[in-house]
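See below for the structure under consideration.
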Amino acid sequence: MVVTRFAPSPTGFLHIGGLRTALFNYLWARRNGGEFKLRIEDTDMSRNSAEATKAILEAFEWVRMDYDGEPVYQSDRFDLYRSYITQLLDEGKAYYCYMSKEELDRLREEQMARKERPRYDGRYRDFNGEPPKGVEPVVRIKAPLEGEIVFEDGIKGTMAISAEEVDDFIIARSDGTPTYNFVVAVDDALMGMTDVIRGDDHLYNTPKQIVVYEALGFKLPRFYHVPMILGEGGRKLSKRDGAADVMDYKRAGYLPEALLNFLVRLGWSHGDQEIFTMEEMLEHFDPSDINASASQYNPDKLLWLNSHYIKNSSNERLASLLEDFGVYLLAHDKREILLDIFKERCKTLKEMAEQITEVLQTPKEYDEKALKKAMKGEALQILAKFAEKVESAEELHLPTDYHSLMESFVEELQIGFGKIGMPLRVALIGRLGGPDLSDVMSIIGREETLKRVEKLIGYMKEKDAS
RNA sequence: GGCCCCUUCAUCUAGCGGUCCAGGAUGCAAGGUUUUCAUCCUUGUCACAGGGGUUCGAGUCCCCUAGGGGUCACCA
């Protein structure tokens with residue numbers, strides 16, 4: 001049985017580094033038919049917020065990573081932690097420390113002045129005397145005085161941390177609330193974790209947590225410390241690198257499977273494979289294959305993956321996804337052709353929405369450069385003749401109808417395709433570039449085509465007059 | 001600063017002592033397809049951080065240097 005977890009602290013939104021560790025935990029649990037749990041680390045009442053918790057849960061829902069059971073809130077478990085703290089106190093494995101915050105700060109300063117590593121000096125470790133008055137004590141756990149704390153990391157290998165690096169750290173604050181390293185160890189053990197996959201910024205918490213495991217007689221899980229995701233230039237990932245908030249990717253028009261595929265390939269690979277369906281990730285993922293080195297965020301590759309997944313999505317799904325971007329196609333009679341065209345050309349849903357809107361709406365203005373390039377020479381007359389041709393044509397429904405209409409038109413006038421193509425393009429969508437003209441005309445229909453052509457002709461005449 | 005981790009193309013990576021004059025992907029460049037743009041296809045571009053060892057043989061093992069990162073709270 002494999003049990004894993006993702007344990008965010010609700011101090012902000014879920015960022016992509018967090019999503020990646022969550023994904024790794026999720027994959028490893030699901031691959032082994034085990035359990036994946038969610039735990040909200042909200043022991044610091046002053047810093048966490050309900051909105052942050054909501055945002056994290058929302059992100060999980062968006063990427064469709066399901067967790068087992070209800071999320072566990074550490075704030076609901078203070079009684080439990082207190083009972084273990086009492087137990088350690090009774091067993092002499094933890095003790096009250098009466099040093100005030102100010103004294104502690106002073107000690108730290110002195111140590112730094114002597115170029116020593118700041119460290120609690122253990123002055124109350126074996127204290128039997130009369131406690132000083134007026135000080136609410138903290139509880140500290142007894143860490144080993146000498147030797148090393150050794151553990152096996154599934155990514156970094158054997159880690160041996162000198163006991164000197166681990167002091168008697170605080171497990172309960174003076175107000176009685178438990179601290180992070182204590183509750184994490186207690187919860188991981190009690191929730192039955194077999195594998196803990198987390199960011200390597202937690203590497204130095206591991207020996208501390210091992211002290212707790214051992215004091216309480218809990219069985220150690222396997223640890224995997226995954227390197228962080230760096231921003232462009234190898235610096236720390238920040239908002240400057242685009243979206244850090246997972247939900248920003250949704251808003252920017254990314255598909256969740258593209259984001260997940262992108263993240264799974266950051267620090268992990270399976271031969272030369274780039275595209276992974278959820279099933280394939282589940283089939284191949286193993287945390288011991290995660291690279292030991294940090295990787296850099298690469299937005300171009302994400303974009304590429306996103307366009308791949310858009311191309312391979314059904315029109316029905318795209319249509320419903322596009323509603324978030326203000327484009328309603330579910331009941332549109334030209335839905336299929338519209339989506340077939342644009343899913344090939346767009347990298348994000350947002351871009352798709354913009355381009356579809358551009359075709360569906362009569363142009364409000366014309367691109368200056370396009371006008372200059374397209375409307376020279378006989379362009380206006382050609383456009384007018386084309387309008388007559390469209391008006392008098394018999395069958396005009398499918399793109400092929402419009403296409404043969406254009407073919408016979410250039411044939412009759414003995415002109416190149418560009419002579420009508422460019423002005424027509426400007427008339428229809430207001431600029432050069434864009435999808436096939438026959439497709440556009442078929443989508444908007446004969447009447448709208450004529451309307452747009454006439455609008456441009458009118459616009460040009462007015463412009464000439466002034 | 002102490003301790004720890006990391007180092008293959010611009011980027012993500014393959015490589016687990018010989019099959020590597022280092023492979024794939026993204027990006028970029030060129031060409032083809034296209035009435036345009038995009039897609040797509042083809043080709044090209046680009047790397048073992050540096051220096052010592054070990055070995056018949058090193059991208060792969062060891063050491064040193066440099067660079068990057070993490071961590072040193074009554075935060076999580």
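Throughout, a chain's letter reflects where its sequence line sits, starting with A, and its residues are numbered from 1.
Of the candidates B/C74, B/U7, B/C3, the closest approach to any side-chain atom of A/R173 belongs to B/C74. For A/W304, counting side-chain heavy atoms from C-beta on, the closest listed nucleotide (B/G24, B/A25, B/C4) is B/A25. For A/T179, counting side-chain heavy atoms from C-beta on, the closest listed nucleotide (B/C40, B/U71, B/C75) is B/C75. The nucleotide whose nearest atom lies closest to any side-chain atom of A/S269 is, among B/C12, B/U13, B/C75, B/U13. Closest to the side chain of A/A292, out of B/C6, B/C4, B/A76, is B/C6. Comparing atom distances between the A/D300 side chain and each of B/C6, B/U26, B/A76 picks out B/U26 as nearest. Of the candidate nucleotides B/A76, B/U36, B/C5, B/U36 has the atom lying nearest to any side-chain atom of A/D436. In this structure, the nucleotide among B/U35, B/A76, B/U13 sitting nearest to the side chain of A/F417 is B/U35.
Contacts of A/L266 with the nucleic acid, taken as non-hydrogen atoms under 4.0 Å apart, involve only primed sugar atoms and P, OP1 or OP2. Residue-level contact check: A/E344 touches the backbone only, with heavy atoms under 4.0 Å from sugar-phosphate atoms and none from bases. At the heavy-atom level, A/P227 lies nowhere under 4.0 Å from the strands shown. Among the heavy atoms of the strands lying under 4.0 Å from A/M99 is at least one base atom, whether or not backbone atoms are also near. No engagement by A/D175 is indicated, since no non-hydrogen atom pair under 4.0 Å with the nucleic acid exists. Among the heavy atoms of the strands, none lies under 4.0 Å from A/K419.
Atom C1' of nucleotide B/A25 and atom CH2 of A/W268 are separated by 15 Å, given to the nearest angstrom. The CG atom of A/L303 sits 11 Å away from the C1' atom of B/G27 (whole-angstrom rounding). Put simply, CD1 on A/I290 is 15 Å from C1' on B/C12, counting in whole angstrom units. Across the protein-nucleic acid pair, A/N298 atom CG and B/U26 atom P stand 11 Å apart, rounded to whole Å.
Look at the C1' atom in both B/C46 and B/U65: the space between them is 27 Å, to the nearest Å. Using atom C1' as the reference point in both B/A73 and B/G51, the two lie 41 Å apart (nearest Å). If you take atom C1' in B/C21 and the same atom in B/U39, they sit 36 Å apart, rounded to whole Å. The separation of B/G24 from B/C9, taken at their P atoms, amounts to 16 Å, rounded to a whole angstrom. The same atom, C1', is picked in B/G68 and in B/U11; the two are 16 Å apart, to the nearest Å.
RNA chain B is contacted by A/R117, A/P118 of residues 111-120 of chain A, taking any non-hydrogen atom closer than 4.0 Å.
The ring pair (Phe, Tyr, Trp, His ring centres under 6.0 Å) with A/W268 is formed by just one residue from the set A/Y224, A/F276, A/F262; it is A/F276.
Judged by Watson-Crick or G-U wobble contacts below 3.5 Å, the nucleotide B/C72 has B/G1 as its partner. Pairing for B/U19 is absent, with no Watson-Crick or G-U wobble pair whose two atom distances lie under 3.5 Å. When both pairing distances are held under 3.5 Å, B/U11 makes a Watson-Crick or G-U pair with B/A25.
Aromatic ring orientation, A/F223 versus A/Y213: perpendicular (interplanar angle above 60°, classes split at 30° and 60°).
Annotation for A/K419: atom NZ does not count as buried by contact number, only 12 or fewer foreign heavy atoms lying within 6.0 Å.
Between A/F386 and A/F409, the gap from one ring centroid to the other is short of 6.0 Å. For A/Y84 and A/F182, the ring centers are positioned 6.0 Å apart or more.
For B/U35, neither phosphate oxygen OP1 nor OP2 lies less than 4.0 angstrom from any side-chain nitrogen or oxygen of A/R425. At the phosphate of B/A73, neither OP1 nor OP2 sits under 4.0 Å from any side-chain N or O atom of A/R140.
A salt bridge does not link A/E110 with A/R108: every distance from a Lys NZ or Arg NE/NH1/NH2 to an Asp or Glu carboxylate oxygen is 4.0 Å or more. Between A/E136 and A/R173, none of the side-chain N atoms (NZ, or NE/NH1/NH2) sits under 4.0 Å from a carboxylate O, so this pair counts as no salt bridge.
If you check distances only, the side chain of A/S174 does reach the base of B/C74 with a donor-acceptor pair under 3.5 Å. For A/K301 and B/C12, a side-chain-to-base donor-acceptor distance below 3.5 Å is present, hydrogens and geometry of angles not being considered. For A/E274 and B/G24, a side-chain-to-base donor-acceptor distance below 3.5 Å is present, hydrogens and geometry of angles not being considered. Side-chain N/O atoms of A/D201 and base N/O atoms of B/G70 include no donor-acceptor pair closer than 3.5 Å.
Judged purely by distance below 3.5 Å, without hydrogens or angles, the side chains of A/T206 and A/R198 pair a donor atom with an acceptor atom.
Of the residues near RNA chain B, A/S295 and A/M406, the one whose nearest nucleotide (by heavy atom distance) lies more toward the 5' end is A/S295.
Residues forming a ring pair (Phe, Tyr, Trp, His ring centres under 6.0 Å) with A/F24 (at least two apart in sequence, or on another chain): A/F285.
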Checking A/D168 against A/K142 for the salt bridge (Lys or Arg N to Asp or Glu O under 4.0 Å) test, could you report, in this order, the C-alpha distance in whole Å, the side-chain angles of both residues, the deciding distance, and whether it holds? CA-CA 5 Å; A/D168 290 353; A/K142 287 183 179 172; over 6 Å; no
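Within the 4.5 Å cutoff, the side chain of A/V246 has no heavy atoms near those of the A/H15 side chain.
The structure places CD1 of A/I443 at 14.0 Å from CZ of A/R335, a figure rounded to the nearest 0.5 Å.
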Write down the protein N/O and nucleotide N/O pairs, taken from nucleotides 58-69 of chain B, whose separation is under 3.5 Å; answer none if there are no such pairs.
unit_1, atom_1, unit_2, atom_2, d
B/G69, OP1, A/R235, NH1, 2.8

